[in-house]
Amino acid sequence: MLKIENLKTYYGNIQALKGINIEISEGEIVTLIGANGAGKTTTLMSISGVVPPRSGKISFNGKDITGIAPDAIVPLGIIQVPEGRRIFPDLTITENLDMGAFLRKDDAGIKRDMDYVFNLFPILAERRSQRGGTLSGGEQQMLAISRALMAKPKLLLLDEPSLGLAPILVQLIFDIIKKINKEQKTTVFLVEQNANMALKTAHKGYVMETGRITMADTCANLLKNDEVRKAYLGI
């Protein structure tokens, strides 16, 4: 579904991505793990068109999307949940969800999907008229994921969904990611510093260090890899 080939992305003269290669097949959950500053978020921003790569190629379902503007990428079905949630704080929960469905015209489908996300996160249903900015961090993360689902993603990009959450909420968020993948048949690309949870959730994993992919394998194998266990799992 997604193929990244020899991608190089810069911030000014600073090279953030140094020729990375990643493949994601339809229906997979794929995770990208690595230390803070390794280039994980830049990878997602390059896919979304927010930070256009300087060279290399990104293909989505066989179409070259390298450097295409974000507003042209979203209609293709690539939807990103950014780090820090970035909900609309002055809009209600329902209005935030409506914004996720901004490009859609299928009213019945929009209602069905809103019912689905309210079923996923009942607390959002209870507070649907509450302003987003008054929610807790965990509730805002639920809302950010739900808003992305309202856009009917084919490929859901998740940037640090567990960041700043209490352990019980971290488990909930990762359970929901697996549920979305299974029930909605949504392909997921998960960027995450919580390597242990990410590798237990995803099917395939990539390890990134200073802008390079240093390892790629099934998550089952990465969980058993001595280098990964020492560097990212604290074992």
Participant: Around atom CZ of Phe102, are there more than 12 heavy atoms from other residues, nucleotides or ligands closer than 6.0 Å?
Facilitator: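 For Phe102, atom CZ is not crowded (no more than 12 foreign heavy atoms under 6.0 Å).
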Participant: Can you check whether Glu23's main-chain N or O pairs, donor with acceptor, with Tyr206's side chain at less than 3.5 Å?
Facilitator: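 Pair found, side chain donor or acceptor close to backbone of Glu23.
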Participant: Within the side chain of Thr94, is there an N or O that forms a donor-acceptor pair under 3.5 Å with the backbone of Ser129?
Facilitator: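 Judged by distance alone, no pair lies under 3.5 Å.
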Participant: Closest heavy-atom contact between Pro161 and Val191?
Facilitator: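 Looking at all heavy atoms of both residues, the shortest contact is CD-O, 3.6 Å.
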Participant: Inspect the surroundings of NZ in Lys18 and state if more than 12 heavy atoms from other residues, nucleotides or ligands are less than 6.0 Å away.
Facilitator: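 More than 12 heavy atoms, drawn from other residues, nucleotides or ligands, come within 6.0 Å of this atom.
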Participant: Indicate yes or no for a side-chain donor-acceptor contact from Glu26 to the backbone of Thr187 under 3.5 Å, with no hydrogens or angles considered.
Facilitator: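 It does not hold such a pair.
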Participant: Tell me which one of Met197, Lys200, Lys179 satisfies side chain to side chain contact (heavy atoms under 4.5 Å, CB included) with Phe174.
Facilitator: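 Result: among Met197, Lys200, Lys179, Met197 is the only option passing the side chain to side chain contact (heavy atoms under 4.5 Å, CB included) with Phe174.
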Participant: Can you see which heavy atom on Ile73 is nearest to which on Gly49, and at what distance?
Facilitator: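 Minimum heavy-atom separation between Ile73 and Gly49: CD1-N, 3.8 Å.
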Participant: Let me have the donor-acceptor pairs involving side chains of residues 114-125, under 3.5 Å, with sequence neighbours excluded, atom names and distances please.
Facilitator:
{"unit_1": "Asp115", "atom_1": "OD2", "unit_2": "Lys111", "atom_2": "NZ", "d": "3.1"}
{"unit_1": "Tyr116", "atom_1": "OH", "unit_2": "Glu183", "atom_2": "OE1", "d": "2.8"}

Participant: To which residues is Ile14 joined in a hydrophobic cluster, defined by side-chain heavy-atom contacts under 4.5 Å among Ile, Leu, Val, Met, Phe, Trp and Tyr, whether direct or through other members?
Facilitator: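 None, because no other hydrophobic side chain comes under 4.5 Å of this residue.
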Participant: Holding to side-chain hydrogen bond (donor to acceptor under 3.5 Å, both in side chains), I want the full list of residues that pass it with Asp106, two or more places apart in sequence or in another chain.
Facilitator: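 Asp106 satisfies side-chain hydrogen bond (donor to acceptor under 3.5 Å, both in side chains) with Arg104 only.
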Participant: Is a donor from one side chain sitting under 3.5 angstrom from an acceptor on the other, for Thr9 and Thr42?
Facilitator: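 No donor-acceptor contact under 3.5 Å links the two side chains.
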Participant: Do Pro153 and Thr186 have side chains that get closer than 4.5 Å, going by heavy atoms?
Facilitator: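 Yes - at least one pair of side-chain heavy atoms lies under 4.5 Å apart.
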